[in-house]
Every structure is written in structure tokens, then in C-alpha cells.
**Q** 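Below you will find the structure I want to go over with you.
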Amino acid sequence: MNNIKKKIGNNVRRLRRLKGLKQSELAELVGVEDKTISRIEVGGNYPSMDLLVRMADALDSELTEFVNFSDKVTESLSEFTKEDMKVIKKFISILSEKF
């Protein structure tokens with residue numbers, strides 16, 4: 001269950017940052033204390049459904065974005081062909097040798 005709290009919190013943080021808001025600014029928009037947003041973002045608290053709705057409105061997002069746990073990196077990589085992946089791996093290998 002804690003893993004779910006952290007995933008929701010990470011999504012709240014990501015959406016808040018995309019909107020360019022500080023925790024205190026989001027808190028003011030949705031009518032809670034700063035520490036409430038902080039606790040949610042670190043996975044300490046579940047937000048209520050009412051608070052999720054208010055945050056979605058404040059962040060111009062859909063409720064489903066808070067519970068979207070898909071791995072964006074994995075999804076993005078799945079679009080590459082095997083040949084593309086060989087090139088990417090070679091590039092990473094070259095970079096890791098230089099740095």
C-alpha cells in the first residue's frame with residue numbers, strides 16, 4: 001500500500017511542477033496547509049477524493065493522471081525497433097567510457 005501512496009505522491013509532484021507551482025501555491029489553491037501537500041508528495045498520506053478533484057482542477061489535469069502508474073521510460077522504449085535499441089546501447093556505452 002505504501003508503494004501506491006508514493007506513486008500517487010510522485011504524480012502529484014510531477015503535475016505540480018509541470019504547472020510551475022510551489023507546494024504552498026498548490027495548497028492555497030486547493031484550501032489545505034502546505035504540509036498536507038508535502039505529506040501527499042512523499043507518500044505519507046492518501047489524499048481524499050475531494051482533495052484529488054480540487055488538485056486536478058488546480059493543475060488542469062484529469063483525475064486519472066494521479067493514479068497512472070505506467071512506466072513512461074518503458075513505454076517510450078517499446079516504440080523502438082531492435083536495431084534502434086542496438087544503436088542506443090552503443091551510444092550509451094560510448095558515453096559511459098568518456099565519462
**Q** Who passes side chain to side chain donor-acceptor pair (under 3.5 Å) against Asn10, sequence neighbours left out?
**A**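 Listed in chain order: Arg13.
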**Q** With rounding to the nearest 0.5 Å, note down the distance linking OG in Ser38 to CD in Glu33.
**A**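 Going from the OG atom of Ser38 to the CD atom of Glu33 covers 11.5 Å.
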**Q** Are Val30 and Ile37 close enough that some pair of their side-chain heavy atoms sits under 4.5 Å apart?
**A**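 Touching, per the 4.5 Å side-chain cut-off.
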**Q** I need the single residue from Val32, Val12, Leu52 that forms a side-chain contact (heavy atoms from CB on, under 4.5 Å) with Ile40. Which is it?
**A**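 Answer to the side-chain contact (heavy atoms from CB on, under 4.5 Å) test with Ile40 among Val32, Val12, Leu52: Val12.
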**Q** Can you list the residues that meet the side chain to side chain donor-acceptor pair (under 3.5 Å) rule with Arg39, with sequence neighbours excluded?
**A**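 Checked Arg39 against side chain to side chain donor-acceptor pair (under 3.5 Å); zero matches.
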**Q** Between atom CD of Glu28 and atom CG of Leu21, what is the distance when rounded to the nearest 0.5 Å?
**A**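 Between atom CD of Glu28 and atom CG of Leu21 there are 10.5 Å.
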**Q** Does the Glu65 side chain pair with the main chain of Glu62, one donor and one acceptor, at a distance under 3.5 Å?
**A**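 Yes; judged by distance alone, with no hydrogens or angles, the pair exists.
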**Q** Measuring from atom NZ of Lys22 to atom CG of Asp34, what distance do you get when rounded to the nearest 0.5 angstrom?
**A**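 These two atoms lie 10.5 Å from each other.
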**Q** Can you name the residues that form a side chain to side chain donor-acceptor pair (under 3.5 Å) with Glu41, not counting sequence neighbours?
**A**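 Per chain and number, Glu41 pairs via side chain to side chain donor-acceptor pair (under 3.5 Å) with Arg16, Gln23.
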**Q** Run the side chain to side chain contact (heavy atoms under 4.5 Å, CB included) test on Asn11 and Val67 for me, step by step, so that the C-alpha distance in whole Å, both residues' side-chain angles and the decisive distance to 0.1 Å come before the verdict.
**A** CA-CA 7 Å; Asn11 284 336; Val67 292; 6.0 Å; no
**Q** I'd like to know if Val42 and Leu51 are part of one continuous hydrophobic network [Ile/Leu/Val/Met/Phe/Trp/Tyr, side-chain heavy atoms within less than 4.5 Å].
**A**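 In one cluster: no.
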**Q** Are Thr36 and Asn45 side-chain neighbours, meaning at least one heavy-atom pair lies under 4.5 Å?
**A**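 No, their side chains stay 4.5 Å or more apart.
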**Q** Under the side-chain contact (heavy atoms from CB on, under 4.5 Å) test against Leu59, which residue among Leu15, Leu29, Leu18 passes?
**A**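 Looking at Leu15, Leu29, Leu18, the match for Leu59 under the side-chain contact (heavy atoms from CB on, under 4.5 Å) is Leu15.
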